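One structure is given here, and the rest of the page talks about it.
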Amino acid sequence: MSFGKLKSQRKAKELHSFVKLDDPHQTANSEESSLIQAADANTLEVHENAMGTASIDDSEHTQRPSLDQPAAKKPRIDDPSDGGAQQGEEHAGKHAGSEDHAVAMSLPVPEQDRARPAQLHGCHRSLPASLQILETGRHGRGIYAKSALHAGSVIMSVTPHVSVLSTQYLDQYCSACAAPATETGLKRCPKCKTVYYCNQECQNRDWAWHKRVSSPGELEPFGLNSAGDLVDLISRFTTNTFTLTSPSLTPIGICIAPTVAFANHSCDPNAVIVFPKTPGSPATMEPLLNLIALRDVPPGKEIRIAYIDTTLPKQIRHKELKETYNFTCQCKVCTRQVVVDPHPAKALQLTTNIIPILTSAGVTPSSYPLLAMTHLHQELLIATLPSSLSQESLDDAIRAAAKYSAGLQSLLPKGHPVRAVALGELGKLLGVDEPAPPTDPAQASKFPPSGPARLKLAYESLVRAHEELLIGFGKPNQGGYIGKDVREAIIRLERELGIWTSGIKNTLEDAMLAQRASSSR
């Protein structure tokens with residue numbers, strides 16, 4: 001699954017180095033070096049003051065460090081010398097530092113918290129008219145809504161400047177459009193014999209940039225004289241990098257989108273980044289990054305995404321944010337007072353044991369590490385389903401999927417793509433034909449149900465999943481590729497339910513006719 005940001009700079013070392021810049025239509029000529037310099041000046045320089053929190057309403061997030069600043073030298077967010085220490089601030093998570101809150105309370109807004117338009121130096125022209133980049137002296141820059149946004153709306157849709165597949169996926173996805181391999185397979189680049197493409201069109205689109213970085217010697221005009229220089233460059237991008245995912249949220253690489261990189265972090269995000277691969281969208285636009293509203297966003301509100309997995313406990317979230325992005329989150333989720341959960345300590349002692357032991361110990365489905373273990377258990381059950389499917393193996397997979405989906409319900413907001421995909425997986429499993437439906441009434445009363453009741457639950461789960469996919473992957477995208485798949489599953493179930501309903505109706509009518517004939521004798 002994707003949570004918008006890479007978790008460690010070490011990830012950069014695992015990535016394929018055949019990168020492409022944002023305009024493949026430019027010709028490759030003697031201006032190669034100046035192109036990179038122009039990219040540095042036009043897309044990287046604008047981030048020079050991006051470090052620090054950027055909220056003017058509730059300090060719920062922190063912005064990425066500068067793209068043109070080495071990660072090893074980024075300033076500390078919780079260092080008072082940075083001019084905006086997050087940790088321990090009195091207003092953190094309580095709206096005390098917001099301009100609108102101060103107006104409502106008739107209090108003056110501190111100058112350092114007063115929002116003003118950020119200087120973009122003519123860059124970031126892909127920013128929609130419905131958004132603006134604002135900046136405060138204390139918190140830096142962030143993306144704000146100029147007009148009302150509704151849940152499921154596409155806030156921004158851009159093709160990343162750079163997208164790179166992880167090495168393990170080079171032969172499984174197209175290096176140009178990130179589409180998965182079809183039944184006929186992908187076409188390998190005849191020169192490097194490393195990357196693969198859907199077809200000649202994708203190869204031609206990528207060739208303008210791919211051909212110039214096929215050997216270390218060709219990197220020298222860009223100031224990259226060694227593998228160490230390349231790793232250093234990648235490390236600079238890491239904290240501003242988004243995870244490139246498949247339509248089903250499998251992480252397959254990374255991408256760079258400088259304008260979207262203004263979005264700041266919150267553990268309770270109001271937006272999410274997905275790559276829905278909308279049916280009918282041209283391959284020349286893919287991979288297409290979509291910033292989707294998870295809930296209604298009023299004018300003046302900041303757009304926030306999650307840099308990490310927000311289903312993790314606060315201690316682990318803070319550890320990952322500190323290690324990778326060098327800040328301590330002070331969003332309202334992290335600062336609100338909650339009853340201490342005694343289960344994580346108990347669960348820690350039982351992580352080497354099986355899920356039933358954790359469950360019997362009282363660990364709830366949404367607790368760490370049971371949620372992650374349940375998801376892993378579900379994936380393993382599905383991966384090991386025998387070719388001659390048994391009722392027991394199918395029901396085990398359904399139960400695991402149901403527990404995982406239930407755990408996500410209390411952690412993620414309605415419409416979150418991870419939650420929506422999990423619900424869709426549950427519905428599809430429930431819709432699989434039963435190999436041997438139970439005949440024992442006691443067995444039939446257990447979960448999952450059997451027969452028509454199972455089909456009905458499958459249908460209801462898929463309908464709910466489709467509603468949430470429309471939010472998580474964008475209504476204009478019709479829920480993306482996964483939304484299309486779920487819609488087709490719903491149609492199939494409607495037909496089955498229709499046949500079943502019609503059969504029951506005919507049976508009842510036949511029984512009534514038989515009863516009347518018997519009584520008339």
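Treat the numbers as computed from the prediction; the structure is a model and nothing was measured.
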Completion exercise
Taken in chain and number order and not counting sequence neighbours, the residues that satisfy side-chain hydrogen bond (donor to acceptor under 3.5 Å, both in side chains) with Ser130 are none

Exercise for the section: Check whether any side-chain N or O of Ser461 sits under 3.5 Å from a backbone N or O of Leu457 as a donor-acceptor pair, and report yes or no. Expected result: yes

Practice task
Give a yes or no answer on whether the side chain of Asp229 reaches the backbone of Asn225 with a donor-acceptor pair at less than 3.5 Å.
Solution key: yes

Practice task
Starting at SG of Cys123, measure out to CG of Leu127 and round the result to the nearest 0.5 Å.
Solution key: 12.0 Å

Exercise for the section: Quick one: pull up OH in Tyr197 and CH2 in Trp207 and give me the separation to the nearest 0.5 Å. Expected result: 7.5 Å

Problem - Which atom of Asn264 lies closest to which atom of Gly142, heavy atoms considered - result: ND2-CA, 3.4 Å

Handout entry: Nearest-0.5 Å distance that lies between atom CZ in Arg317 and atom SG in Cys267
Key = 4.0 Å

Exercise for the section: State whether the side chain of Arg495 and the backbone N or O of Ile490 hold a donor-acceptor pair below 3.5 Å, judged by distance alone. Expected result: no

Show me the donor-acceptor pairs, under 3.5 Å and distance only, between side chains in residues 468-478 and residues at least two apart or in other chains.
from, atom 1, to, atom 2, distance (Å)
Glu468, OE1, Gly415, N, 3.1
Glu468, OE1, Arg419, NE, 2.9
Glu468, OE2, Arg419, NE, 3.2
Glu468, OE2, Arg419, NH2, 3.0
Lys475, NZ, Ala151, O, 3.4
Asn477, OD1, Thr278, OG1, 3.0
Asn477, ND2, Asn290, OD1, 2.5
Asn477, ND2, Phe473, O, 2.9

Handout entry: Within-4.5 Å side-chain heavy-atom neighbours: Leu288 and Ser157
Key = yes

Handout entry: Residue pair Val418, Leu408: steps toward the side-chain contact (heavy atoms from CB on, under 4.5 Å) verdict
Key = CA-CA 8 Å; Val418 173; Leu408 292 175; 4.1 Å; yes

Problem - Residue pair Ala400 / Thr374: nearest heavy atoms and the distance that separates them - result: O-CG2, 3.5 Å

Exercise for the section: Please examine the side chains of Cys255 and Leu289, heavy atoms only from C-beta on, and report whether any two atoms are closer than 4.5 Å. Expected result: yes

Exercise for the section: State, to 0.1 Å, how close Ser175 and Val195 come at their nearest heavy-atom pair, and which atoms those are. Expected result: OG-CB, 3.5 Å

Handout entry: Beyond-backbone contact of Leu371 with Thr311, side-chain heavy atoms, under 4.5 angstrom
Key = yes

Practice task
For the residue pair Asp309 and Leu312, establish whether any side-chain heavy-atom pair is separated by less than 4.5 Å.
Solution key: yes

Handout entry: Non-hydrogen atoms of Val260 and Met156 that approach each other most closely
Key = CG2-SD, 3.5 Å

Problem - Listed partners of Lys146 passing side-chain hydrogen bond (donor to acceptor under 3.5 Å, both in side chains), at least two apart - result: none

Practice task
Check for a donor-acceptor pair, side chain of Ser266 on one end and backbone N or O of Asp268 on the other, with a separation under 3.5 Å.
Solution key: yes

Problem - Glu460 bridged to Arg464 by N-O distance under 4.0 Å - result: no

Fill in the blank from the handout: Residue set satisfying side-chain hydrogen bond (donor to acceptor under 3.5 Å, both in side chains) with Gln172, at least two apart, ordered chain then number -> none

Handout entry: Atom pair CG/CD1 of Asn270 and Ile155 - distance to nearest 0.5 Å
Key = 6.5 Å

Handout entry: Residues Thr245 and Thr243: side-chain donor-acceptor under 3.5 angstrom
Key = no

Handout entry: Audit row: Glu286, Thr159, side-chain contact (heavy atoms from CB on, under 4.5 Å) steps and yes/no
Key = CA-CA 6 Å; Glu286 298 290 346; Thr159 301; over 6 Å; no

Practice task
Using the test side-chain hydrogen bond (donor to acceptor under 3.5 Å, both in side chains), find all partners of Lys484 that sit at least two apart in sequence or belong to another chain.
Solution key: Glu488

Practice task
Quick one: closest heavy-atom pair of His210 and Cys192, and the distance?
Solution key: NE2-SG, 3.4 Å

Exercise for the section: Please test Glu201 against Thr284 for side-chain contact (heavy atoms from CB on, under 4.5 Å), starting from the C-alpha separation and ending with a verdict. Expected result: CA-CA 9 Å; Glu201 181 182 359; Thr284 54; 3.8 Å; yes

Fill in the blank from the handout: Closest non-hydrogen atoms of Leu429 and Ala401, given as atom of the first, atom of the second and distance, are CD1-CB, 3.8 Å

Problem - Heavy-atom side-chain contact between Cys177 and Cys202 under 4.5 Å - result: yes

Problem - Arg295 side chain to Pro269 backbone, donor-acceptor under 3.5 Å - result: yes

Problem - N/O donor-acceptor pair under 3.5 Å between Ser410 side chain and Gly407 backbone - result: yes

Practice task
Not counting sequence neighbours, list each pair that qualifies as a ring-ring contact (aromatic ring centres under 6.0 Å, His included) and has a residue in residues 172-193.
Solution key: Tyr169-Tyr173

Exercise for the section: Check for a donor-acceptor pair, side chain of Arg141 on one end and backbone N or O of Glu135 on the other, with a separation under 3.5 Å. Expected result: no

Fill in the blank from the handout: CD1 of Ile305 to CD1 of Ile292, rounded to nearest 0.5 Å, is 12.5 Å

Problem - Donor-acceptor pair, side chain of Ser405 and main chain of Ala402, under 3.5 angstrom - result: no

Problem - Interatomic spacing from OG in Ser248 to CZ in Phe275 - rounded to 0.5 Å - result: 13.0 Å

Handout entry: Greater than 12 external heavy atoms within 6.0 Å of Tyr481's OH
Key = no

Problem - Donor + acceptor pair across side chains of Gln200, Asn204 (<3.5 Å) - result: yes

Problem - pair Ile308-Leu321: side-chain heavy atoms closer than 4.5 Å - result: yes

Exercise for the section: Taking the side chain as every heavy atom from C-beta outward, state whether Asp296 and Leu149 have any pair of such atoms under 4.5 Å apart. Expected result: no

Problem - Candidate pair Leu411 and Thr310, rule side-chain contact (heavy atoms from CB on, under 4.5 Å), full reasoning - result: CA-CA 8 Å; Leu411 291 176; Thr310 56; over 6 Å; no

Problem - Side chain proximity check, Leu134 to Glu302, heavy atoms < 4.5 angstrom - result: no

